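Throughout, a chain's letter reflects where its sequence line sits, starting with A, and its residues are numbered from 1. Being a predicted model, the structure only gives us computed values, none of them experimental.
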Amino acid sequence: MPVHNAEIAELFNRLADLLELEDANPFRVRAYRTAARSINGLSHNLVDLLGAGEDLSKLPGIGKDLAGKIRTFIETGKLPLLEQVQARTPAALSDLMKIEGLGPKRVKTLHQQLHISSFEDLQRAARSGKVRALAGFGAKTEALILERLEAARHADIRSRLVDAEDIAAALISYLEDCPGVKQVCIAGSYRRRRETVGDLDILVTAKQGTPVTDHFVAYDEVSEVMSHGKTRSTVHLRSGMQVDLRVVPQVSYGAALLYFTGSRAHNISLRKLAIKKGFKLNEYGLFRGDKRMAGATETAVYAKLGLPYIEPELREQRGEIEAARKGKLPKLVGRDDIRGDLHCHTRATDGHDSLEAMVTAARKLGYEYLAITDHSRRLSVAHGLDRKRLLEQIRRIDKLNEQLNDIVVLKSIEVDILEDGSLDLPDGILGQLDLVVGAVHYMFNLTRKQQTGRIIRAMDNPYFNILAHPGGRLLNKRPPYEVDMKKVMQAARERGCFLELNAQPARLDLTDTDCMLARELQLKVVISSDAHSTANLDYMRFGINQARRGWLGPADVVNTRRLAELRKLFRRH
DNA sequence: GCCGTTTTCGGCCCGACTGTTTTCAGTCG
């Protein structure tokens, strides 16, 4: 059973919680959390790194000790320190810390005074009024605990970016209606364009804070006001989304935007850098003593720290500050670089719109080409195309192309990769297409070795060009299948194939760290909308966001090429 | 426990809000 990075990060986080409950050195606790964050951001699997003989202690936030613990866990499946700590302190206590307002100190008190070690224990104690009697607790805290117990049980669910956008749009226009409000900006992971968003961080500039936070907590959709101050307030919406609002004066806008956009790790690095240069950085500005040296814009703050502007998508503490210092930040791919879409569906299979409608929509977007990639016969739920129906579509596209002069419709298919790695349609018909997109749609539960072999065998087919949604995950619904992504990428590069970054907001597959890996391996990526309607073609922007998070520039992306060059890339022999 | 163009020892980001207090600890982002 291969060990995932997320698993190791989770262990370190749990260990940090439990050590914190034991009053361990807070900096030691922080070291575990920093390491966990660092591991989650890696573009390589720790197992692979170890296998390749890499020195894990070279990774940021990982020293000799933690490198040793990672190695032990990978080799034995055990983390002895965690087992020792769990023998003293119940692991479930770290779950209690997920309840809003309960941190290590209070959980420790609850455990020591009332022997509480589970949600059920806590609910019982709070209902019978025992919690309010504890020092540092009161009736209000007890009531809040009862209210927030339920929410904490599914506190880990993050919203997909596209859903967060819906919630945000209404809220922004509501806030803009508030008198005195100058600018409204959503910061946080939303601005960094992470694939999922845990909460919304909204920054507002205004002279007076109170009228704005008052207006904010009065929003129709608010289900609970968590805190309500002069410059800062937090609410929960009926949708379950938490929203933090921060009001700052115009002169602090840039510094506040930096602070509120994060990531936390990026901010901490910037603050350390500020200290080194004799400054202090907070959300109000960059100060030398009491004098504000910068703060109105992010660019000004970065400049005073000796750095160029760093795009929000890069602010994940993945080497961006180092790259900025050396002037080696990548030029990121943008919407205007994209010349076409290489994955979409029509009514012939499970799309909602006709071939002609899809093409018209793509022309409106200014695309030079659009590949029609309906499903193949095995995907019967989608009414997949067999040889005969695909031939009909080919003829129809040829005819359509004769009438078009500003866009070329490319003949293609999203062909199923069968269990043995063969393709769902014969080479004879695949050879008549402009390009072939292959995808795994079933048998997700193969072993890592089997799945990797299956996909690489599919790429052995000389007509294969693009591997669609390479990880197979659906956000919040289905985890990725087991596959050695690095091996798949290397195999693709050797064979002249490409991997798709599927831009559907529920897929976003490749992940951002996958993109970083592809870039390192010099494998080009195709960003595709996988549109099932004309409106879905707009999903492209989510793919671009993800690609930018993965440090990809126009040269790293296949569909920034003109058609002639594209055709060359797809000619494998 | 990590880290080092000040350091291999001695530091470790910074501020707002709440509830329980009577000046602040705890929590959060």
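Checking B:dT18, B:dT20, B:dG26 against the side-chain heavy atoms of A:Ser227 singles out B:dT18 as nearest. Distances from the side chain of A:Ile268 to the nucleotides B:dC2, B:dC13, B:dG15 place B:dC13 closest. Side chain of A:Arg271, nearest nucleotide from B:dG26, B:dC13, B:dA16: B:dC13. For A:Phe27, whose side chain is taken as the heavy atoms from C-beta onward, the closest listed nucleotide among B:dC12, B:dG19, B:dC14 is B:dC12. The side chain of A:Asp201 approaches B:dG29 more closely than any other nucleotide in the set B:dG1, B:dG29, B:dC17. Among the nucleotides B:dG15, B:dT5, B:dC12, the one closest to any side-chain atom of A:Asn282 is B:dG15. Candidate nucleotides B:dC2, B:dG29, B:dT27 were compared by shortest atom distance to the side chain of A:Arg106, and B:dT27 ranks first. Which of B:dC12, B:dG29, B:dC2 sits closest to the side chain of A:Arg232 comes down to B:dG29.
Taking atom C1' on both B:dT6 and B:dG10, the two are 13 Å apart, rounded to the nearest angstrom. Nucleotides B:dC13 and B:dC17 are separated by 22 Å at their P atoms, to the nearest Å. Comparing B:dA16 with B:dT21, their P atoms are spaced 24 Å from each other, to the whole Å. Nucleotides B:dG1 and B:dT5 place their P atoms 23 Å apart, quoted to the nearest Å. Across the P atoms, B:dT18 and B:dC12 are found 29 Å apart, a figure rounded to whole Å. Nucleotides B:dG15 and B:dT22 have their C1' atoms positioned 22 Å apart, rounded to a whole Å.
Phosphate proximity of B:dC28 to A:Gln242: absent, as no side-chain N or O sits under 4.0 Å from OP1 or OP2. Put simply, A:Lys69 has a side-chain N or O that comes within less than 4.0 Å of OP1 or OP2 on B:dG1. For B:dC3, the OP1/OP2 oxygens have no side-chain nitrogen or oxygen of A:Lys64 closer than 4.0 Å. The shortest distance between the side-chain N/O atoms of A:Thr231 and the OP1/OP2 oxygens of B:dC17 is below 4.0 Å. The phosphate of B:dA16 (OP1 or OP2) has no side-chain N or O of A:Tyr259 nearer than 4.0 angstrom. Listed pair A:Asn267 / B:dC13 fails the phosphate criterion, with no side-chain N or O lying under 4.0 Å from OP1 or OP2. Residue A:Thr234 places none of its side-chain N or O atoms closer than 4.0 Å to OP1 or OP2 of B:dC28.
When rounded to the nearest whole Å, the span between CD of A:Glu100 and C1' of B:dG26 equals 14 Å. If you measure from atom CG of A:Leu56 to atom P of B:dC2, you get 12 Å, rounded to the nearest angstrom. In this structure, A:Leu144 atom CG and B:dT27 atom C1' are separated by 13 Å, rounded to whole Å. Spacing between atom CD of A:Glu147 and atom P of B:dT18 amounts to 15 Å, rounded to whole angstrom units. Between A:Asp199 atom CG and B:dG29 atom P the separation is 7 Å, expressed in whole Å. Distance A:Lys276 NZ to B:dG10 P: 19 Å, rounded to the nearest Å. Taking atom NE2 on A:His228 and atom C1' on B:dG19, their separation rounds to 17 Å, with Å as the unit. A:Met241 places its CE atom 16 Å from the C1' atom of B:dG29, with the value rounded to the nearest Å.
A cation-pi arrangement is found for A:Arg193 relative to A:Tyr190, the charged atom lying closer than 6.0 Å to the ring centre and inside a 45° cone about the ring normal. Figure legend: cation-pi geometry between A:Arg288 and A:Phe279, with NZ or CZ positioned under 6.0 Å from the six-membered ring centre and within 45° of its axis.
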*salt bridge (charged side-chain N to carboxylate O under 4.0 Å, His left out) between A:Glu224 and A:Arg238: does it pass, once the steps are laid out?*
CA-CA 8 Å; A:Glu224 189 185 359; A:Arg238 277 187 242 282; over 6 Å; no

*Determine, step by step, whether A:Thr234 and A:Leu245 satisfy the side-chain contact (heavy atoms from CB on, under 4.5 Å) criterion, reporting the C-alpha distance in whole Å, the side-chain angles of both residues, the deciding distance to 0.1 Å, and the verdict.*
CA-CA 6 Å; A:Thr234 300; A:Leu245 178 84; over 6 Å; no

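The shortest side-chain heavy-atom distance between A:Leu281 and A:Phe287 does not fall under the 4.5 Å cut-off. Counting only heavy atoms from C-beta outward, the side chains of A:Arg192 and A:Thr261 approach each other to under 4.5 Å.
Using a 4.0 Å heavy-atom distance criterion, A:Leu270 is classed as making no nucleic acid contact. Among the atoms of the strands shown, none is found under 4.0 Å from any heavy atom of A:Pro26. Across all strands shown, A:Ala256 has no heavy atoms under 4.0 Å from either base or sugar-phosphate atoms. Using a 4.0 Å heavy-atom criterion, one finds that A:Arg246 contacts the sugar-phosphate atoms exclusively. Across all strands shown, A:Leu19 has no heavy atoms under 4.0 Å from either base or sugar-phosphate atoms.
For B:dT7, the base is syn relative to its sugar; the glycosidic angle is within 90° of 0.
One donor-acceptor pair, N or O on each side, does fall under 3.5 Å between the base of B:dG1 and the side chain of A:Asn25.
Both A:Pro104 and A:Gly136 sit near DNA chain B, but only A:Gly136 has its closest nucleotide nearer the 5' end. Both A:Lys280 and A:Pro60 lie close to DNA chain B; mapped to their nearest nucleotides by heavy-atom distance, the more 5′-ward contact belongs to A:Pro60.
Using a 4.0 Å cut-off between charged side-chain N and carboxylate O, A:Arg14 and A:Asp95 make a salt bridge.
The pairing partner recorded for B:dG4 is B:dC9, the criterion being a Watson-Crick or G-U wobble arrangement whose two distances lie under 3.5 angstrom.
Proximity of the aromatic rings of A:His215 and A:Tyr174 is defined here by a centroid distance below 6.0 angstrom, and this criterion is met.
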